[in-house]
Colleague: 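This structure is in structure tokens; I'll ask about it shortly.
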Amino acid sequence: MQRLSLLAAVLLPLVAHAESPKVDAEALYQQHCQSCHAPGRLGAQGPALLPESLARLPQKAAVQVIRDGRPATQMPAFAEQLSSTQIDQLAAYLYQPPAEPPHWDKAAIRASHTVFTPRAELPAKPVFKADPLNLFVVVESGNHHINILDGDRFEVITRFPTHYALHGGPKFSPDGRFVFWASRDGWVTQYDLWNLKPVAQIRAGINTRNIASSQDGRYLMVANYLPNSLVVLNAEDLSLNRIIEVKDQQGTPSRVSAVYTAPPRNSFIAALKDVEEIWEIPYDQTDMPLRRIRAGDYLDDFSFDPDYRHLLATSRDSHGGQVIDLDAGKVIKKIPLKGMPHLGSGITWQWQGRPVMATPNIQQGQLSVIALDNWQIIKEIPTEGPGFFLRSHANSPYAWTDVFFGPNQEVVQVIDKANLSVAKTLRPMPGKNAAHVEFDRYGKHVLLSVWDKDGALIIYNADTLEEIKRLPMNKPSGKYNVFNKINYAEGTSH
Ligand code: DHE
């Protein structure tokens with residue numbers, strides 16, 4: 001009898017486990033995770049735990065987070081409560097799509113909305129001495145914080161925690177006072193840079209790509225993968241204005257690759273990932289009538305020429321680029337770009353009296369320079385490996401690019417914009433990934449990120465290329481200068 005119960009004690013859990021590992025993991029989720037990450041894994045205080053929102057986190061890193069917790073967050077360590085098999089099962093479960101596709105409708109969006117302090121109650125005067133137009137918003141991605149940095153003295157004015165995993169460039173109100181940012185799991189936050197206070201937040205989607213703010217300062221558009229939607233928010237308080245379901249005329253739904261503002265057109269332009277269309281949505285008309293433009297492909301990534309008449313776009317699969325004339329509403333040119341150009345990081349300048357665009361390439365070590373008057377490739381500048389970001393400033397003779405992938409990740413290359421060649425190669429912190437720069441408003445200084453737990457924000461003199469200051473940070477990622485962003489300055493991201 002005793003032997004039988006011993007055997008049963010050993011075998012029964014194994015049998016139960018073999019029969020329904022999924023149910024076990026689901027039960028583990030409900031018991032240990034649901035209170036913070038919400039029923040259906042949609043996210044609450046903790047981030048959404050769906051395959052789409054975890055795409056950037058390798059499964060073995062998720063195992064480690066469950067086991068050891070995440071420093072400087074509310075995420076506790078479960079090593080004492082769960083066996084390593086249970087932790088593995090739980091992690092595997094999080095990477096499976098849920099049985100019921102997740103919903104995030106009007107009611108859910110509205111219920112997530114919080115106004116911390118109405119704009120009208122916030123004094124219209126900065127509470128600090130620094131130049132409000134030369135501030136930088138610096139995202140510290142290692143521990144999900146933002147730093148507001150004085151762009152003249154390079155001192156942190158304030159630092160505070162954000163939602164999990166912000167991604168993409170923050171967008172600003174036209175006067176530079178309010179800044180908006182989005183997390184990968186759909187939280188959009190508005191922050192008053194003059195009062196150093198959050199204004200409002202809302203969750204506009206489950207898996208968000210990016211946001212755009214209208215040039216008139218009235219609206220914010222949120223591009224989502226999940227649900228397939230574009231969500232319009234009122235910039236004043238982030239309240240929901242409208243939801244635009246994204247599908248073609250036959251009803252095929254699509255994720256949105258990205259949305260940007262085209263100021264001279266008074267419109268938002270969105271590229272779609274699953275149907276071959278570009279959408280133009282004018283924000284100066286109350287009903288925001290949608291204009292569909294046929295694209296020659298599914299579009300993953302795009303950028304504009306300086307007057308926003310043309311859009312340069314790529315699809316991951318087709319390789320190469322295409323030019324879409326937004327006025328004519330059609331593809332006018334294919335550009336035989338090799339590898340996988342990262343046009344979203346493309347920047348423009350005048351070269352020998354002609355407008356050019358340069359784009360890094362996330363597959364090949366090269367920068368492609370394209371003439372914008374005839375769409376010919378003028379030069380492929382070889383770099384020490386595939387790059388992600390590229391930046392310059394109208395007052396600087398240089399453009400800075402990183403080597404984001406491969407063995408030379410520690411390298412940043414400074415390109416001479418006049419002779420289209422590498423002027424200098426920097427290794428800011430040997431062995432550590434250096435990437436993404438932003439100039440101050442005058443183009444006199446460059447801020448560079450070293451994406452490491454023990455990384456840094458490094459400030460350089462933009463002319464002599466000498467280091468001026470180093471601020472230790474935990475994986476600083478993007479940084480954004482108020483003046484450059486609100487003026488859609490040449491050389492910066494829009
Ligand atoms: Fe980004 C901007 C898409 C992976 C850091 N990234 C953007 C934008 C898009 C985009 C559409 C423009 C948003 C804007 O500013 O309005 N990014 C994608 C991808 O499709 C890709 C390749 C895959 C994915 O995971 O979604 C991708 N991006 C990454 C990363 O792995 C990076 C390096 C780290 C991270 O934070 O996830 C990363 N992306 C950034 C940054 C910007 C960005 C820092 C803002 C650049 C800027 O200067 O404006």
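Just so you know, ligand 1 is whichever comes first in the structure, and atom 1 is the first atom listed for that ligand.
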Colleague: Students often mix this up, so state it plainly: with edges at 30° and 60°, are the rings of Y308 and F304 parallel, tilted or perpendicular?
Modeller: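 If you compare the ring of Y308 with that of F304, the planes turn out tilted.
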Colleague: Check this for me - ligand 1, K171, N or O atoms closer than 3.5 angstrom, yes or no?
Modeller: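 Yes.
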Colleague: Is the NZ or CZ atom of R391 both under 6.0 Å from the centre of the six-membered ring of F439 and within 45° of that ring's axis?
Modeller: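 No, R391 does not sit over the ring of F439.
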Colleague: Can you tell which of M340, K273, H342, H167 gets a heavy atom nearest to atom 27 (C) of ligand 1?
Modeller: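 Checking each option, the heavy atom nearest atom 27 (C) of ligand 1 is found in H167.
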Colleague: With a 6.0 Å cut-off on the ring centroids, do Y191 and F160 count as close?
Modeller: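 Yes, the ring of Y191 comes within the 6.0 Å limit of the ring of F160, centre to centre.
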Colleague: Answer yes or no: does an N/O atom from S257 fall short of 3.5 Å to an N/O atom of ligand 1?
Modeller: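 In this structure, S257 places no N or O atom under 3.5 Å from an N or O of ligand 1.
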Colleague: Which residue is it: F388, F389, W451, F404? I am looking for the one with a ring-ring contact (aromatic ring centres under 6.0 Å, His included) to H436.
Modeller: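 For H436, the ring-ring contact (aromatic ring centres under 6.0 Å, His included) test succeeds with only one of F388, F389, W451, F404, which is F389.
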Colleague: Which atoms of ligand 1 are found less than 4.0 Å from any heavy atom of S493?
Modeller: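 Matching atoms, with element in brackets: 47 (C), 48 (O), 49 (O).
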Colleague: Would E438 count as a contact of ligand 1 if the rule is a heavy atom under 4.0 Å away?
Modeller: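 Heavy atoms of E438 never come under 4.0 Å of ligand 1.
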Colleague: For the pair D131 and R441, evaluate side chain to side chain contact (heavy atoms under 4.5 Å, CB included) and give the outcome as yes or no after the intermediate values.
Modeller: CA-CA 10 Å; D131 174 1; R441 63 177 288 188; 2.8 Å; yes
Colleague: Specify side chain, backbone, both or neither for F302, according to which of its non-hydrogen atoms lie closer than 4.0 Å to ligand 1.
Modeller: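 Contact part for F302 vs ligand 1: neither.
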Colleague: Checking the N or O distance criterion of under 3.5 Å, is ligand 1 in contact with H436?
Modeller: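 Such a contact does occur with ligand 1.
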